[in-house]
Each structure stands twice: as structure tokens, then as C-alpha cells.
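Just so you know, these numbers use all the heavy atoms, side chains as well, and skip hydrogens, waters and symmetry mates. The sequence lines fix the lettering, A, B, ..., with proteins before strands; numbering per chain opens at 1. Predicted model only: the values in this text are computed from it and were never measured.
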Amino acid sequence: MPSFDEFISESRIFKDRDVLSPHYIPDTLHFRDHQIRELMSSLAPALMGKKPRNTFIYGKTGTGKTCSVKQVSRKFDEKAEGKARIVYINCRIHNKPYRVMLKVAKAVMEGFDKQGYGLPHIYERLLEWAGTGKQVLIILDEIDMVKNLDELLYMITRANDELEAGGFSVIGISNKLLFKEDLDPRSKSSLYEREMVFPPYTANQLQKILHQRAELGFQPGSFTSGAINLAGAIAAQESGDARYALKILSRAAEMAEEADKGKFTDAEVKAARELVELDIVREAIDKLPENHQVVLYAVARLSLSGSRYARLDDGDDGYLFSGEIYEEYTSLCKKLRKPPKTARSYRSYLNDLEMLGLLTCVESGKGIRGHTKLIKLGHPPRELMKIVSKHLEE
DNA sequence: CCTCCACCGGAAAGCCGGGTCA
DNA sequence: TGACCCGGCTTTCCGGTGGAGG
């Protein structure tokens with residue numbers, strides 16, 4: 001008779017998987033002292049009943065923006081004692097003024113959980129609430145995802161003008177430097193009262209961070225110091241992204257575990273890197289709506305079945321013509337018994353796919369009649385087709 | 001030099017599914 | 001139940017754009 005102990009036995013590698021997850025917030029955040037202090041000084045006025053300045057935080061992915069802000073807001077909550085509230089909002093989910101305000105209202109006022117109220121009603125209720133002298137800090141993570149951000153920021157400034165006491169302030173977080181360009185000048189100046197930058201981590205810093213997590217997350221003796229340093233070096237070379245570094249580490253650990261080894265080394269880390277690259281592509285594709293996937297598949301098919309290619313001046317070649325991809329897309333749709341979307345929609349899909357780095361587009365230049373886009377795949381076509389087709393079969 | 005090509009992408013309006021309130 | 005509200009996704013409309021062709 002087998003014993004359950006066999007299956008619930010402790011992992012030889014993992015001690016605490018949560019520590020390796022990107023959502024984990026360590027007690028001490030290395031190399032962010034300066035930013036954390038600055039942020040705290042920025043928010044401190046709210047604890048004395050005054051309105052803090054709006055703050056904009058910029059930094060690439062995996063530079064500890066969200067982590068630092070969350071840590072600071074924890075500390076803030078401990079001190080606030082009902083005088084002030086801090087609300088964290090992920091704008092990927094709450095990406096419209098209405099949704100943001102609704103989320104704020106729900107977080108701040110007990111019993112406010114009905115949808116279906118109009119924005120003006122929510123606004124009035126929030127004004128009444130804050131008007132009793134309370135400070136509301138709204139953290140907008142991935143603020144560039146908010147549509148009509150101008151409207152939202154304007155609403156907040158207007159609220160502050162109407163209030164005798166209390167107020168609203170915004171802490172915006174983004175990894176896009178260019179996004180402020182298409183902001184209304186008035187919103188720009190209000191959002192950028194204070195600006196903070198989170199630089200990418202260097203190899204040394206990443207290595208120290210990874211060591212810290214490894215001590216907490218892995219069993220003692222289950223990893224070599226060299227493996228950790230290698231993971232840090234790879235990630236630093238790519239982008240200085242701590243999240244990416246952690247992914248490599250987790251993957252390497254999983255590989256060792258599956259191979260029933262007691263520890264992981266440089267070899268596992270090197271192999272894990274490849275897997276993580278594919279993981280990232282797969283995650284991006286999984287979240288894609290159906291039509292985007294079909295377009296991606298069309299591009300992959302054409303880049304295999306050597307149709308017409310364009311060559312650029314700098315010698316870069318293998319670009320496909322937008323018009324031909326659209327034809328391929330429509331015929332694929334017919335095979336799948338789905339009505340194809342218009343060319344205008346197709347153009348938006350292309351742009352979305354480019355944003356995600358799944359393909360590259362360039363404007364056509366000399367040698368090509370008319371004016372069009374030339375498109376190339378960002379990843380090996382066979383891998384992409386495998387991933388997409390799995391999804392398209394329902 | 002003018003016109004045509006083969007597209008581009010913004011704005012606005014329409015449709016749909018999911019929700020609330022009285 | 002009907003009148004609203006919201007967000008997401010489309011389609012329609014339409015004014016560009018830069019090189020090729022004549």
C-alpha cells in the first residue's frame with residue numbers, strides 16, 4: 001500500500017514558491033531605499049490632512065515600481081488612522097475613468113458596491129465623502145492603459161477645486177516613456193508635479209536580489225551560487241528586469257526537480273532561459289482575441305510558404321506585404337467558417353500585434369508602388385503556428 | 001508635373017452582452 | 001419589465017501619404 005506521504009512530501013528544491021512569484025513583496029527591497037524615501041516624503045502630507053503632490057513614476061518592467069509603491073502604501077495604511085485612504089488600482093483592468101472612479105468609491109466607502117450608477121453620481125458621492133476632510137490617494141498602476149485619461153485627471157482636479165477640505169491625489173506608474181506626449185498639456189502638468197525614475201537593475205544588483213529570494217524560496221544546498229549569478233547576468237544583459245530573472249530561476253528549479261536532481265546549476269539556468277522566452281510568447285498569444293491569432297497565423301504561414309518578399313535598403317529582408325496577409329487572413333477565416341473582419345479592423349490587429357512585439361512593421365519605401373506596411377514575424381514561424389493552432393482548435 | 005496606387009489611421013456611430021434601478 | 005448605463009468590438013466614412021507611371 002503506497003503512502004500519501006510519498007506525494008505530499010516536501011520538495012527537495014522549493015521551500016516556498018510564493019517567494020519566487022512576481023507578486024511577492026519582500027520585507028526589505030534592495031537598491032530602492034532612495035525611491036522609497038522619496039515616495040514617503042511625497043505622501044507624508046496626506047497624514048497631516050494636506051493634499052500631497054501628484055507623482056509620476058517611470059521605470060521599465062521589473063524595476064521594482066509596483067513593489068516599492070505597495071510597500072509604501074502598506075506603511076501608509078498603518079499610519080493613516082482614517083484620516084486618509086490609499087487605493088491601489090491596476091489600470092490594465094480598470095482602464096476607463098468610470099471604472100477607476102467606481103473602484104475608488106468601492107474601496108473607500110463601505111457598502112458602495114453597486115454598478116449601474118452613472119459617473120456623475122459616483123463623483124458626487126466621492127465628493128461628499130472626501131469633503132469631511134479626508135485625503136484620498138489613488139495609485140494608478142500602468143496608467144498608460146487608461147483610455148480618456150485626460151478626462152479622469154480633469155475630473156480629479158475639478159474635484160479638488162470644489163472641495164473645502166480633503167482632496168484627491170494621483171500616483172501614476174508607467175513603463176512607457178513616450179506616453180506623456182499624447183496627454184493634454186493641462187493633465188500633463190497636473191500629473192507631473194513630481195517625477196520619479198526607477199532605473200533598471202545592474203547585474204550585481206540582480207544577483208543580490210536573486211540571492212535574497214533564493215535563500216527564502218529554495219531549500220538550502222539546492223542551488224549553486226554560480227547559477228544564481230548567471231541568471232542575474234542574463235537578465236541584466238537583456239533588460240535589467242527582475243521579474244524575468246525570477247522566471248528563469250523558477251524554471252531552472254522546476255527542471256531540476258523534474259529530472260529528480262537535488263540541485264540546479266548553470267546548465268539548468270541556460271536551458272531555462274530558452275523556455276522562458278517561449279513562455280513569454282505563449283502568454284502573449286493566450287491572451288489574444290481570436291482574430292488577432294488568425295492574423296498572426298496568416299503571417300506565419302506566408303513566411304513559410306515563400307510568397308512575395310520585400311527587401312529593404314539596409315539588406316534586411318523577408319518582409320511580407322500587408323495586402324497579401326489580409327487575403328491570407330480572409331481565406332483562413334473561410335476555412336474556419338468565421339466571417340472575416342474588414343480591412344480596417346485587420347489594420348488595428350496588425351498594430352496590436354506589433355505593440356506586443358509579435359511582429360515588426362515598417363513603412364514601404366522605394367521600389368514599392370503605393371504606400372503600405374511591410375511585415376515580418378518576431379519569432380520562428382513554426383513555433384508560433386504550433387502555439388496558435390493549439391488555441392484555434394477550441 | 002499630375003494622377004493613381006495601395007494602402008494608412010482617426011473619428012464617429014452601431015451593435016451586443018451584461019449590469020442596475022424603479 | 002422597460003429604460004438606462006457601461007465596455008468592447010465593429011463598421012463606415014474619409015482625409016492622408018509618398019513613390020510609380022505617364
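- For R17(A), the salt bridge (Lys or Arg N to Asp or Glu O under 4.0 Å) criterion is met by E257(A), not counting sequence neighbours.
- Sorted by first and then second residue, the side chain to side chain donor-acceptor pair (under 3.5 Å) pairs involving residues 78-88 of chain A (not counting sequence neighbours) are Y88(A)-D141(A).
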Side-chain atoms of residues 233-243 of chain A: list all donor-acceptor pairs with protein atoms under 3.5 Å, sequence neighbours left out, distances to 0.1 Å.
unit_1, atom_1, unit_2, atom_2, d
E238(A), OE2, R273(A), NH2, 2.8
D241(A), OD1, R243(A), N, 2.7
D241(A), OD1, Y244(A), N, 3.2

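- Residues forming a salt bridge (Lys or Arg N to Asp or Glu O under 4.0 Å) with K65(A) (at least two apart in sequence, or on another chain): none.
- Pairs of residues two or more places apart, or lying in two chains, never qualify as salt bridge (charged side-chain N to carboxylate O under 4.0 Å, His left out) while including a residue from residues 158-167 of chain A.
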Between the protein and nucleotides 10-13 of chain B, list the N/O to N/O atom pairs that are separated by less than 3.5 angstrom.
unit_1, atom_1, unit_2, atom_2, d
dG10(B), N7, R344(A), NH2, 2.8
dG10(B), O6, R344(A), NE, 2.7

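- Judged as a salt bridge (Lys or Arg N to Asp or Glu O under 4.0 Å), and not counting sequence neighbours, the contacts of D279(A) are R251(A), R282(A).
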Which atom pairs, donor and acceptor, lie under 3.5 Å between side-chain atoms of residues 35-50 of chain A and protein residues at least two apart or in another chain?
unit_1, atom_1, unit_2, atom_2, d
Q35(A), NE2, V197(A), O, 3.4
S41(A), OG, E38(A), O, 3.0
S42(A), OG, T55(A), OG1, 3.2

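- The C1' atoms of five pairs define one axis at each end of the helix from dC1(B)-dG22(C) to dA22(B)-dT1(C), and these two axes lie 20° apart (to 10°).
- For E268(A) (side chain) and E254(A) (main-chain N/O), no donor-acceptor pair under 3.5 Å exists by modelled atom type.
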Enumerate, atom names and distances included, each donor-acceptor pair closer than 3.5 Å involving a side-chain atom of residues 218-232 of chain A, sequence neighbours excluded.
unit_1, atom_1, unit_2, atom_2, d
Q219(A), NE2, S11(A), O, 3.2
Q219(A), NE2, F14(A), O, 3.1
S222(A), OG, Q219(A), O, 2.7
T224(A), OG1, A227(A), N, 3.0
N229(A), OD1, H211(A), NE2, 3.3

Between protein and nucleotides 18-22 of chain C, what N or O pairs are separated by less than 3.5 Å?
unit_1, atom_1, unit_2, atom_2, d
dG18(C), N2, G370(A), O, 3.4
dG18(C), N2, H371(A), N, 3.4
dA20(C), OP1, G367(A), N, 2.9

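- Within the nucleic acid shown, S322(A) comes within 4.0 Å of sugar-phosphate atoms alone, with no base atom in reach, counting heavy atoms only.
- Partners of E258(A) by salt bridge (Lys or Arg N to Asp or Glu O under 4.0 Å), not counting sequence neighbours: none found.
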